[in-house]
Amino acid sequence: MEKTYRPEALEQRWTETWEASGCFRPSGEGEPYCILLPPPNVTGTLHMGHAFQHTLMDCLIRVHRMRGRDTLWQVGVDHAGIATEMVVTRQIEAEGGRRDEYSRDDFIARVWQWKQESGSTITAQMRRLGASADWSRERFTMDAGPSEAVIETFVRLHEQGRIYRGPRLVNWDPVLKTAISDLEVVNHEEQGRLWSIRYPRTDGQGDVVVATTRPETMLGDVCVAVHPDDERYTDLVGRTLTLPLTGREIPVVADDYVDPEFGTGCVKITPAHDFNDWEVGERHGFDPINIFTPEARINDEAPEAYRGLDRFDARARIVADLEAEGLLVDEKPHAMVVPRGDRSGQIIEPFLTDQWFVKMDDLGRLGLETVENGDVEFVPGNWINTYRHWMENLQDWCISRQLWWGHRIPAWYDADGNVYVARSEDEARERHGIDAATELRQDSDVLETWFSSALWAHSTLGWPDPERMEAEGFDRYLPTSVLVTGFDIIFFWVARMIMMTGHFTGRVPFEQVYITGLIRDRDGQKMSKSKGNVLDPIDLIDGIDIDALVEKRTRALMQPKMKAAIEKHTREEFPEGIPAFGADALRFTFAALAGHGRDIKFDLSRCEGYRNFLNKLWNASRFVLMHAGEERLPDGRDDDVVARWIRSRLDRAIGAVDEALAGYRFDLAARAIYEFVWNEFCDWYLELVKPELFDDAEAGRRDATRRTLAEILDATLRLLHPFAPFVTEEIWQRLRTPLGIEGEHLATAAWPAAGTPDADAEADVEWLKTVISGVRSARTELNLAPGKTMPLMVQQAGKSDRERLDRFGDRIRRLARLESIEIVPDDRDAADCAVQLAGDMRLLIPLAGLVDVEEELARLGKQLDRERKGLESTEKKLANERFVANAPEAVVEKERARNAEHARAVAELEAQIEKLRAMAD
RNA sequence: GGGCGAUUAGCUCAGUUGGUUAGAGCGCUGUCUUGACAUGGCAGAGGUCACUAGUUCGAAUCUAGUAUCGCCCACCA
């Protein structure tokens, strides 16, 4: 093995070996354990959020595989309607073409071609990360199976009366020219303007003033509303106003939607262009007047002067015209919430179109009950609040999109506009007795991406085809075990899966939902291309030099003027670029950062620290392997106390990891392993057994120790494997021969079982560590030559101390660098020695004439302070009668023991200080 | 306006049903190239647990309130 751990030298080789061996396929035996990968967009590349979540999923999958479960990680990718169309459109434009030169079929062919070429980027990147999925079961939402599920679902929902089509106000993106869902609209507070406009009464008896942020929509006003209790306007209700610029007569109505406190208390009502106004219009029986084309230009409903104008040009024109007519009362800045499409960034219009909807009433109830009664559990549990809130306020789900890329809606129209929903055109004709001569035209809309995603749990397991369900393990793997995802898609996806899988299969899609935090940059900022703070997980694995990183971050910016700032910031943060940490270090970092209920500030120094940790493991392994040799080690059990101790510590670590993982506390699991490997195994165990490996006097124990070394390392590698699969597999291979392990790969080796800790052995070694640390501490603080060995004298050693000194003397001598250990009478004067308390014992280190009294006094003084503080605290507690009376006996007892210890230490230190002072004078 | 979360060492975070002198990593200080490892060893320094009040023998932990920050949801034209 090389002296330094080099991840790049081993990671890729293992991915290939594992996959070739088929060890990631479900075993078919054992209790099923299944995780559904939230399908990433086919357009996508792996970002930090993916890498994070995939690491956690893979970690769970690997642990359960090692525990012998029948493990399936169901992977796949999503066709991502809008996102993909935008990517391909941009590509066409980059080639100098135009999207509208393409026919529907040609465009779709182009998208498929693109999918063929680049659709596997993200899965290739997942492999780099070590994802142990059964890739032979990879699905795409537009594959035949999932597509059949989509059609079947649509038809059945329609048959059940749960799908309807109709004209409704929807969120309309005038640039993409499609409806989008509420969830795809992001509301930003932006600085706008508020205009006050005078609407004259038709009878000439004055006028009313209305306020609006969107004056152009007045062309579609149907009435003006006032609050029914607003005494200012009681006589106005029922009368009419003359709508400026159009001359249309519109009535004044009373509706308690109006807030009489705001503005003048009069509101213009435009049902076709505002969701609230739509409801007011409905209540009062007005027909909405749509004044926009799908591109949000003024249409022919409006006066000629405005037709064809873009919505923003129309606004300017109308404001100018109103002013000219003296009808503009006021114009002032106004902070308002502006809806924008999350894909296009454009201002969304409420727009009246025919769309398909799924009724959410009883599906919503089902979704709510499923979580309320615990059939699906959220981890952390407080996410149930978010889920509940949304489910209780569900709107019908608009599922149609005016796009080309996606599942086309299975509905056909005849010339009269009658609609026939069926699984195919043939079925439509058959069912409704339509002869071949009658022309049918399929609905041109597609279903929104989340419609197929909602079916993902059961559609990837063969539903609705009974044969495929049998072959793909529908019964076996549904419900899946846990869904790992971010809070941002609880509504988009999690809720809809719970409803759809529940409705169609009677099962839950997953038993638990583990909601992860968001990965942010070092400063807590969300990572985004436009901020130029994105980290690419692949760059953390392979490393990247600073120029390449800057180039990557500043390439194709939406706002080129940001370039200089991004470059400056990037060069400051990564003056040397990013070193290659390797996938294992990145994975371990993700696990270690994965606390609950908190976003994650991704700090490169953590990654570096865990890379160093793996290097430490690498070198400890080199040491173990050097001694384990390349031949089968002799059998036998090592009952030496140090062996029992390290096994005990390992047992505790295994127990801690098991417990942590059961609660999805990856951070605690990672920490337990880290601490065991570094603080126990490397810092103490390896050092403690060195005499047995090197000194001839201890040769009798050599084989037993070699075996223990190999066994502990074996279990440690198993424990660490789900977190850092590559390096552990690489090392573990070299243990197979010494330990006679039959299994071929660590990836499929058995998970270690936690034994019962050995308290006696732990107490012994704890004592040993106290003595050694005490000596070391005294040495350093007195600046005694660290390389030089020196004698140690011990006073006040009790029976067990003497017995332990006897057993551990050699080890103490070696680790504390002592030339001798001698028990001396308690009354031996310690004035020429450094004194260190260790348990009940006094450790004396002769200062051999080099006494720096001041330093020793300072050192003792510091110890005394510490002990006095402790004594004060315990005395105060014990003096409190109510503490003694009320606290559990064990707690009081512990406090008494502590008190005695402190008191004793204080006395010892005081005496020693006095002696030293006397000597110095 | 409603909801959720956070606030612990210079930085990033643990702290499990209340019970030592509140821990870790990074950074910092000193020191050491000892036959696994300088991506290291050893030894240190560093905190009024945001604030206030309460419950309790005992509070970082429980309760109420305050402050600051963050996120989600919401129809004020």
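Chain naming here is simple, since letters A, B, ... match the order of the sequence lines and numbering starts at 1 in each.
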Applying a 4.0 Å non-hydrogen cut-off, can you work out what Trp678(A) is touching in the nucleic acid: base, sugar-phosphate, or nothing? sugar-phosphate
Rounded to the Å, how far apart are His273(A) NE2 and A77(B) P? 18 Å
Using purine N1 to pyrimidine N3 plus N6-O4 or O6-N4 for Watson-Crick, or N1-O2 and O6-N3 for G-U wobble, both under 3.5 Å, which nucleotide pairs with G19(B)? C57(B)
Taking the inter-plane angle between the rings of Trp678(A) and Phe613(A) on a 0 to 90° scale, is it parallel (under 30°), tilted (30 to 60°) or perpendicular (over 60°)? parallel
Using the C1' atom in both, what is the distance from U61(B) to G23(B), to the nearest Å? 15 Å
Please confirm whether the shortest side-chain N or O distance from Arg671(A) to OP1 or OP2 of U12(B) is below 4.0 Å. no
Quick one: pull up CG in Leu322(A) and CH2 in Trp195(A) and give me the separation to the nearest 0.5 Å. 11.0 Å
Determine the Euclidean distance between corresponding C1' atoms of G46(B) and C51(B); express it in Å to zero decimal places. 23 Å
How is Met1(A) classified with respect to the nucleic acid when contacts are heavy atoms under 4.0 Å: base, sugar-phosphate, or nothing? nothing
Could you tell me whether Asn393(A) contacts a base, only the sugar-phosphate backbone, or nothing, with contacts defined as non-hydrogen atoms closer than 4.0 Å? nothing
Can you check the distance between A24(B) and C73(B), where both ends of the measurement are the P atom (answer in whole Å)? 40 Å
Reckon Arg776(A) touches a base, only the sugar-phosphate, or nothing at all at heavy-atom distances under 4.0 Å? sugar-phosphate
Taking for each residue the nucleotide of RNA chain B with the nearest heavy atom, is it Arg611(A) or Asp683(A) whose nucleotide lies nearer the 5' end? Arg611(A)
So, Glu687(A) and Lys690(A), do they make that salt bridge, N to O below 4.0 Å? yes
Can you tell me if Ser777(A) touches the phosphate of C42(B), counting only side-chain N or O atoms and a distance under 4.0 Å to OP1 or OP2? no
Given C37(B), U21(B), A14(B), identify the nucleotide with an atom nearest to the side chain of Leu668(A). A14(B)
Provide the Watson-Crick or G-U wobble partner of C76(B), both distances under 3.5 Å; none if there is no partner. none
Donor-acceptor pair present, Lys3(A) side chain and C37(B) base, under 3.5 Å: no
Output the rounded distance in Å from CG (Asp599(A)) to P (U7(B)). 13 Å
When you compare U48(B) with A9(B), how far apart are their P atoms, in angstrom units rounded to a whole number? 9 Å
Nearest-Å distance, NZ (Lys869(A)) to C1' (U48(B))? 12 Å
Quote, to the nearest angstrom, the P distance that separates G70(B) from C75(B). 23 Å
Salt-bridge test for Asp230(A) and Arg232(A): reply yes if a basic N is under 4.0 Å from a carboxylate O, no otherwise. yes
A53(B) and U16(B): how far apart are their P atoms, nearest whole angstrom? 25 Å
Say we look at A59(B) and U52(B): how far apart would their C1' atoms be, to the nearest angstrom? 15 Å
Ion pair Glu730(A)/Arg6(A), N-O distance below 4.0 Å: no
Kindly say whether, by distance alone, the side chain of Glu675(A) makes a donor-acceptor pair under 3.5 Å with the base of A14(B)? no
Phe262(A) near the nucleic acid: base, sugar-phosphate alone, or nothing, with a heavy-atom cut-off under 4.0 Å? base
Any strand counts, and the cut-off is 3.5 Å on both contacts for Watson-Crick or G-U wobble. Which nucleotide pairs with C26(B)? G10(B)
Assess whether one donor atom and one acceptor atom, taken from the side chain of Arg866(A) and the base of U21(B), lie less than 3.5 Å apart. no
For C69(B), give the paired nucleotide (Watson-Crick: N1-N3 plus N6-O4 or O6-N4; G-U: N1-O2 and O6-N3; both under 3.5 Å), or none. G5(B)
Between A50(B) and G3(B) - C1' atom distance, rounded Å: 22 Å
Distance-only side-chain donor-acceptor flag, Asn619(A) / Arg622(A), under 3.5 Å: yes
Is the phosphate of G40(B) approached by Asn612(A) (side-chain N or O, under 4.0 Å from OP1 or OP2)? yes
